[in-house]
Structures are given as C-alpha cells and as structure tokens.
Colleague: 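Mind having a look at this structure? Questions to follow.
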Amino acid sequence: MTGTIAIAPVVVALVAGTTTLLARRWPRLQQTVSIGSALAYAYSVALLVRTVVFAPDGAAIAYQLGGWHAPFGITLVADALAVFMLAMTAIVAVYAVIFSVRFIEAANQRVYYHPLFHFLLLGVTGAFLTGDLFNLFVWFEVMLMASYVFVSFYGNSEHTAAAVRYVVLNVVGSALMLLGIGGLYATTGTLNMADMAQQLAQPGVDIRPVVGLSAFVFVTFALKAGLAPFQFWVPSAYRSAPIPIVAIFVGATKKVGIYAIIRLYFTVFGTANVTVAAPGITGRSPLVLLAPVLLTVGVLSVLVGGFGAVTRDSLDGLFAYSSIGQLGFVVIPLGIAAAAPSESLRQSGILAALVFALHHALTKSVLFFSTGVIRDATGTTRLSELGGIGKRSPAFAGVFLVGGLSLIGIPPLAGFFGKLFVFNAAARQFAAATSGDIAATGSALAILLVLLLGAVLTVLYSTRAWMGSVWGHETEAVAMGTIDRVEVTVLATLAVVVVVVGVGFEPVYHFADAAARAAIDTEAYTEAVGVGGG
Amino acid sequence: MTTVIMRTTARVVVPIILVVAISLFLQGHNLPGGGFIGGVLTVVAFTLVYVSYNLDYLEIGVLDRDVDPSRAIGEHRTVATYRRLFMFGLGVIVASGLAGPVFGEAFLSQAFVVIHLPLFGAVELASALLFDVGIFCVVVGGLLTIFSVVGAE
C-alpha cells in the first residue's frame, strides 16, 4: 500500500488517545504511554517530512481512506504545506506533554487529561491532512470537543464562563461553516478539494456563488485563528485552559485556521477565473477579493493585540493579547500574497506567513511555558505581584530572555527571520505599488507603518513582561516560591530549539519555501490526489 | 414526571424503541441507520426509564442491586459500566480500523461475506458491522454517562 506513511500521524494520535484512556487506572503507565506516543507522533511526522520534502524524489503523498478513491472517498493529502504545519505541531506537542506531566497536578492528570490531549492532537492532525472539505469540518469538531473540556478544565466559575463563551462562539462558527460547505457542495457538486479546484478552473463555470459562500467558511477560519474582530474568546479561554494546552492552542489550533485559509483560498479557489469589478479592486481571481479582507483583519489584529497586550496587568493576559497581534503578522503577508500581481511576490508572501507562524508557535510556547513555571512557583501571574525572579533563578531568566528577544525579533533567533520576511514582503509590495495609483501606494505605506507600529508595541510589552517579572525587587510571592528545576530544564531545551531554528535557518527556509510553493501549486495538488485530468 | 400515565407509556414504548434501535443498527452499512443512530435511540429508551421512574430504578428495580446513597453518581456501578462500555467501544473502533493495514488494505477498509444459514437464507456478514458495534458502544456509554451524571445534579 503506497502512502501509508501519510496516515501514520493520525493513527498514532488515535491509538494514543485510546490507550491512555484504557490505562487510566495506572497513572505512571498512562504518563509513560502519553509521552511515548507524543514521541512516536513526532517520529512519524519526521518520516513524513523526509519523504515529502527532503527526499530527492520528494512529492506530495495522498492516502485514499478505506480504499475509496477520490473524489468519492475521503483522501488524506500530505503535501509540503500540510507537513510543514504538522512539523510545527509535533514540536509543540512533544514539549507540551512532557511539561504537562510535571506541571499539571497528579489528580488533574487523571481526569482524562492525557486522552483528551491526544484527541486534540488528532483533530489538529486530521485538519492538516484532510483533502476533503466536509472532513475538515469533522476534524474541526474533534478538535473543538477536546478544547471545550480543556477550557473548562479547572471548573471554577470564571473557567465555566470562559468555556460558555468559547462554546457559543464556536457553535455559531461551526453552523456557519456547515452552511458554507453545504452551499459549496450544492454549487460545485463535490467536496473533494482537489476536485473542486478543477471544477472551478474550467472555463464557463459561474464562480460568483462560490465566492459568496466561501465567506461563511472564512469567518469560521478567522474565528479559529482568533483574528480581530473575532478575538473575543481568546483572552479568557487562554487564561482558563491549562498552560501546556494553551501552547497547543497557540502552536497548533490557531494555525489550523491559518492553514485552512491558505489551503482553501490559495490552492482551491486560486485557479478560478472570475472578473472582479468591485469599487477599488480589479482582477481575475477570487483572491483579489480576499486581499482587502485579510489585510483589514490583519491590521486590526495587530492593533488590538498590541494595544491590548501593553495594557494587561498579568503575564498570561499579556501573552494572550500578544498572540492576537502576532497572528496579525501572519495574516498581513497572506493578504499581500492574495493581492500580489506576480507569482514570486505571492510565494514570498505565503513564505513570510509560514515562517512567522513557525516562529510564533515556538516562541510563544516558550513564553507560555515560562508563565506556567512562574505560576507554579509563585501562585500568581500578576505583574504587580512579581519581580526579581532573575536573582532567584538565572537559568530561568535566560530562557525567558530568549523567548522575549525572539518575540521582538532579535537575530539570530527564530523571530528575526519571521519579522524579516514579513517586512520584506510588505516592502516589496510597497515598491510594486509606488508605480501604481495613489490609493495603492497609500495602502501599501499604511500596512508598512502598521507593521512597524506592531513591532514597536511588541518591544514595549515584551520589555514590560521582562521588567515586571524578572527584574526589580524580589516580591513576597517570589521569595516564598521555588522554581522547579526540571521544568526549567525542559524549557531550556525548547529555547535551544528557538535558537537553532534561527541559526541553522537554511533547511527551515528550504522547507517553508517548499510549503509556500505547494500552497499555490494547484496542479501538483490535484495530481497527488489522483483526480487530475479527469 | 413519574406519573402513572408516564410509567405505563414507558413500559409499552421502551421495548419498541429498543427493537427499532437494533434494526436500524443492523442495517446501517447498507441502508440509512448505523451505530450512531442505533446508539442514540437506545439511549432514548434508557433515558425514558430514568425520567419516568428515577435514576436508581435501573439498579434497584431491574438489576436488583443495592444502591449506596452516600456515593456520588459517578461511582455507581451502572455509571462505571457505561464508562467501561465507552472505552471498550473506542478500542473496537481503533482495532477494526487497524485491521485493514494488517491485511494489507487501507486503513478503515471493509470487507463482507455472504453466508447461507438454515431458516435465514443468505445473510451478509460485513466487517463494517464490527466498526458499528464500536460506535454503538461509544455513543451509548458516553451519552448515558453524561445523562446520569448531569441528571443527578
């Protein structure tokens, strides 16, 4: 059976969820199985990465589930874009599991923590791999079911309130998505994404309903990604969920929204031919319509996230708002890519978004885990009650510094390349726009300025987090607590990963570039799925 | 809700619901129906018993066992059984999915044989039924756990 490797991460996560559930009575065994499965997951993803991207004859792999062939059955497609996302998820997941075993109280770990963790991972993995629109919806639901439990995990009134908000928003989102998918099925007659791309590329197809219906789906993706103006649920949900899970939310679940936008719009709708004649925008692809939406959403997110983070008084609230802003940095280059007139600018826009997403997943995990260490030691995350941790644990301060500097974008850390590519894409768009009319030049300049403002805000709130917790006088809460050495050691290795991604950037660039190329290469995608030419 | 009318209706309706549930469950791989809908209908039958009698009736009245009122509902024997049923179902689903790769087929692929039995004639035995058993157990176990725990609060 060819392409079995493509399904390996899904099966590993599924088996892991089931076995940890069965091993519930033996906590030690359960933890061992959980960590072992996470490592097995990472290994299967690594194999997949090697086969798809780094092998000399690397190409996208498709797996026809249950032997039913596309476009009738459900196809799993592992192309460079999907495995890039999986690799990111795998790194965060391994650290989250190891950190959980140490961080979450033993009694709480026994309350179905590990099974739910692996089912969350299963949902994320499935969403990245599936090549079927309805199946994407199903994986979203799998992911959400586990997330609901995690948001209300500690069960106090504030957690329950956050969970209710989260559930209501996501149920509305799911309903809209289902409506959109139903409409797309009714208009194109297929749910298989590759098949849909082909149907839409044919001349004479009326694509206007598709463009309208896809707005429903877009809203849900933006909701999942926590982009402004759909960011309401983010701060309260992040403060309620267990911290290792927040790392998964930031590193994986949010990225599912971003991935879905890239996959659906750039790969599937990108080839469609439609004459757009809305005021101010003209072009021959649905992407042209998407561009102003993405740019607006991105600019809003950068501003809301940045200003929100600067004004928060607790570490977890600060980082929650910061992750809204950072997602803006992912979406703005996507908007630039959507508006791009040339193939090369489009590719570099997606490349920038992917590199930034990777950086954000790693860096924010470091910072959220650090918040966890602080809360574990002192029992609080309020900046007013913290201070002087640097004196107590220089090692921890070092890790926190790496996270903070990477967030700001200091070379040679991962964050530097993230910011570099985003600004590169924005600058290239500005250069291309200066030859055009005054409106285009103005908007390109505005985007550049917003990015700059966002970067300045990042410096501001990172400094605030650092000054408030690591420097300054040792407060009572800090003096009473002890920093857990094992947690810091685990964190230090993750900080090393952040440095390594920055220093040894060459293969990462190669990987992200392959992913960006895969995102816009619809032909290769349909060929891999096996509906090409039909 | 525990009126005489309710109880009498439940007595008549519950067996009918269960029979319909089983028939839907058995035809699932060829016709509308299947593990999920069969499981949900079964849960409806159980819930009707819970609503028209009470939460302990199943244990005391049907199974003839004692109930220790001081224990939380989550530790009752019926609820523990529901939980085990859920886990068993999940195990069956994973195993039946993995059976495909073991025989060199795709994950989740299914097969069937037609056998001839006296009286019944040709009977189709599909491996999809095994997968459906898993789903049925997960649905019944999961939903009944939720209903009895939430119902007790």
Side-chain angles (χ1 to χ4, degrees), chain A residues 1-25 30 37 44 61-70 72-76 78 110-112 114-116 118-119 122 125-126 129-130 132 135 138 141-142 145-146 148-149 152 155 160 530, chain B residues 28-30 34-36 40 72-75 77 79-112 126-143 145-146 149-150 152-153:
Chain A
M1 187 73 212
T2 54
T4 312
I5 182 72
I7 201 179
V10 175
V11 175
V12 169
L14 179 62
V15 172
T18 313
T19 31
T20 45
L21 186 63
L22 294 175
R24 198 169 61 91
R25 282 176 195 288
Q30 191 188 35
S37 315
S44 67
I61 311 173
Y63 187 87
Q64 317 285 358
L65 214 52
W68 300 95
H69 280 271
F72 306 109
I74 294 170
T75 314
L76 297 185
R110 297 192 60 185
V111 193
Y112 303 108
H114 290 283
L116 281 168
H118 288 287
F119 278 112
L122 174 67
T125 314
L129 281 176
T130 185
D132 183 283
N135 198 233
V138 174
E141 290 301 304
V142 171
M145 284 300 155
Y148 293 154
V149 184
S152 58
T160 315
Chain B
H29 48 280
N30 286 336
F36 180 80
V40 171
I73 180 80
E75 292 162 8
R77 280 170 71 181
V79 180
T81 315
Y82 297 153
R83 276 210 300 261
R84 271 202 292 276
L85 191 65
F86 178 85
M87 292 179 206
F88 168 75
L90 206 55
V92 169
I93 290 173
V94 173
S96 77
L98 286 178
V102 169
F103 292 109
E105 295 285 327
F107 183 70
L108 282 179
S109 56
Q110 306 294 346
F112 66 93
S127 67
L129 196 62
L130 199 66
F131 184 73
D132 262 351
V133 168
I135 294 178
F136 182 87
C137 294
V138 166
V139 170
V140 171
L143 281 180
T145 311
I146 295 171
V149 171
V150 175
E153 280 180 4

Colleague: Given heavy-atom pairs under 4.5 angstrom as the criterion, report whether the side chain, backbone, both or neither of A:I7 touches chain B.
Modeller: side chain
Colleague: Please give me the minimum heavy-atom distance between A:Y63 and B:F107, naming the atom from each residue.
Modeller: OH-N, 2.6 Å
Colleague: So with a 6.0 Å cut-off around OH of A:Y148, is the heavy-atom count from everything else above 12?
Modeller: yes
Colleague: Nearest 0.5 angstrom please: A:T18 OG1 to B:I93 CD1, how far?
Modeller: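 Atom-to-atom, A:T18:OG1 and B:I93:CD1 are 8.5 Å apart.
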